[in-house]
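Sequence lines set the chain letters: A, B, ... in the order given, protein chains first and strands last, and positions in each chain run from 1.
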Number of protein chains: 2
Amino acid sequence: MNSSASTKERILTAAELLFAQRGFDGASLRQLTAAAGVNLAAVNYHFGSKDKLVEEVFRRRLDTLNAHRLAALSKVSGRADTTLDDVLDAFIRPALALSSDGSGSLFMRVLARAFAEHDDHLRQFLSENYGHVMRQFTAEFARLLPRLSREELYWRIDLVTGALTHAMSGFGMIQRKSDVSEASHREQTVAHLIRFAAAGLSHP
Amino acid sequence: MNSSASTKERILTAAELLFAQRGFDGASLRQLTAAAGVNLAAVNYHFGSKDKLVEEVFRRRLDTLNAHRLAALSKVSGRADTTLDDVLDAFIRPALALSSDGSGSLFMRVLARAFAEHDDHLRQFLSENYGHVMRQFTAEFARLLPRLSREELYWRIDLVTGALTHAMSGFGMIQRKSDVSEASHREQTVAHLIRFAAAGLSHP
DNA sequence: CAGGGAATCAAACGATCGTTTGAGCATACG
DNA sequence: CGTATGCTCAAACGATCGTTTGATTCCCTG
């Protein structure tokens, strides 16, 4: 573990890894603080409780992820020449960029766990802090797919969300071949997911 | 809890509910046996350990689910006039039938949890016992989508799996309107998922 | 009716959990 | 220099975990 980072950062990084590997319940504070190289009491001192630590793990990544998503969306939102692919790109590319920077894909696995857990408290936290992002994207999807009823649109967005979360949490993610650069591999993956999502959203 | 069922069945039913609600770690044997109305020691007596109980929860549902899937697949497999929708129907309909019979949708949530957990032991158990089903469906998809490379096919099947698991675990599942019968609502949902999956699998 | 294996029971086992405590250490300010 | 202040530390707290034990009850068979 990087001993130059602050105690809080080291805890957050170790927590992200262990939450991805063993789940929120499965990862104990003793494993976690040992991996981070800090004292057991440091979690409660700096974050208050284990639950607050979980929230901070989400906040740290989702703050930048959603900022990037909204920035990308604002560039294409409302324009007459915007395509469905443009909006999906704004949604998918920032998440994949997160997955590429070292430990980033771990966070998508943590997010997949949060979806699988039907924990009310965690869902409310995510909804309160980051629901507006989904709302903005949904509005733009609705504009580009006027043929779909609200019910139909929600259905398809939900299915696409499931597919993307599943894929980006690293399940069947095709391994990068050694003769392909990291950047071009990511570009291929983005194109891949966009094509799938666009087909699922806009099929007749 | 149904006091007429056997102790093993009552444990399995209560376990399915609590595993869906709180996860495999989060649901304790004390909560579980109390909900089932049996003694704490009954789990270890009848199943050997908590891990074995988890496996039995999967086995009970997947045995019949996969039998139905393979039976439906065998009716359309290899025929010249079989369509993609036919194969998807064979895959989706049995799962949705499971979701409809009372506590069945709980099992899809348990399955979604199993996907989110990257637990090696559980994944190996599922692969060993039920991997052949996915292999048979994959072979049939490959036959009907000869244009796709193996890599491309695996990608799309993985994305579809994520979408279906996500949806059937009851996330955004549209509530049945009171003026629609259960049977016709299920029929609509099957058609819905098939259309989405077909679009995602076969798009150009 | 007597005997015996299967099932259930209350109770306890050691281990591990999240959290709290109070002493000890560092650095910065009057 | 003395003393706040922020942080780290080992140790302990009570609670809960999965599992085991040994006695007791149940029910079938000979």
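The existence of a salt bridge linking Glu16(B) and Arg61(B) is confirmed by a sub-4.0 Å separation between a basic side-chain nitrogen and an acidic carboxylate oxygen.
Identified under the salt bridge (Lys or Arg N to Asp or Glu O under 4.0 Å) test for residues 127-140 of chain B, with sequence neighbours left out: Glu140(B)-Arg143(B).
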Please report, to 0.1 Å, the donor-acceptor pairs under 3.5 Å made by any side chain of residues 32-42 of chain B, with sequence neighbours excluded.
| from | atom 1 | to | atom 2 | distance (Å) |
| --- | --- | --- | --- | --- |
| Thr33(B) | OG1 | Leu29(B) | O | 2.6 |
| Thr33(B) | OG1 | Arg30(B) | O | 3.4 |
| Asn39(B) | OD1 | Ala41(B) | N | 2.9 |

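Side chain of Ser77(B) to backbone of Leu73(B): no donor-acceptor contact under 3.5 angstrom is found.
Asp89(A) meets the salt bridge (charged side-chain N to carboxylate O under 4.0 Å, His left out) test with Arg93(A); sequence neighbours excluded. Among residues two or more places apart in sequence or in another chain, the ring-ring contact (aromatic ring centres under 6.0 Å, His included) test is passed with Phe91(A) by Phe137(A). Judged as a salt bridge (charged side-chain N to carboxylate O under 4.0 Å, His left out), and not counting sequence neighbours, Arg150(A) has no contacts. Listed by chain and residue number, nothing satisfies the ring-ring contact (aromatic ring centres under 6.0 Å, His included) test with Phe196(A) (two or more places apart in sequence, or in another chain). For His192(B), the ring-ring contact (aromatic ring centres under 6.0 Å, His included) partners two or more places apart in sequence, or in a different chain, are Trp155(A). Arg60(B) pairs by the salt bridge (charged side-chain N to carboxylate O under 4.0 Å, His left out) definition with Glu9(B), not counting sequence neighbours.
Between His166(B) and His166(A) there is no side-chain heavy-atom pair separated by less than 4.5 Å. Looking at Leu65(A) and Tyr130(A), their side chains never come closer than 4.5 Å, going by heavy atoms from C-beta outward.
Taken residue by residue, residues 19-30 of chain A places heavy atoms nearer than 4.0 Å to DNA chain D at Arg30(A). Residues from residues 49-60 of chain A with heavy atoms under 4.0 angstrom of DNA chain C, sorted by number: Ser49(A), Lys50(A).
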Between the protein and nucleotides 8-10 of chain C, which nitrogen or oxygen pairs are less than 3.5 angstrom apart?
| from | atom 1 | to | atom 2 | distance (Å) |
| --- | --- | --- | --- | --- |
| dT8(C) | OP1 | Thr7(B) | OG1 | 2.4 |
| dT8(C) | OP2 | His46(B) | NE2 | 2.7 |
| dC9(C) | OP2 | Asn39(B) | N | 3.1 |
| dA10(C) | OP2 | Asn39(B) | ND2 | 3.3 |

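Protein chain A contacts DNA chain D from dG6(D) to dA12(D), reading 5' to 3' and using non-hydrogen atoms of the protein with a distance under 4.0 Å.
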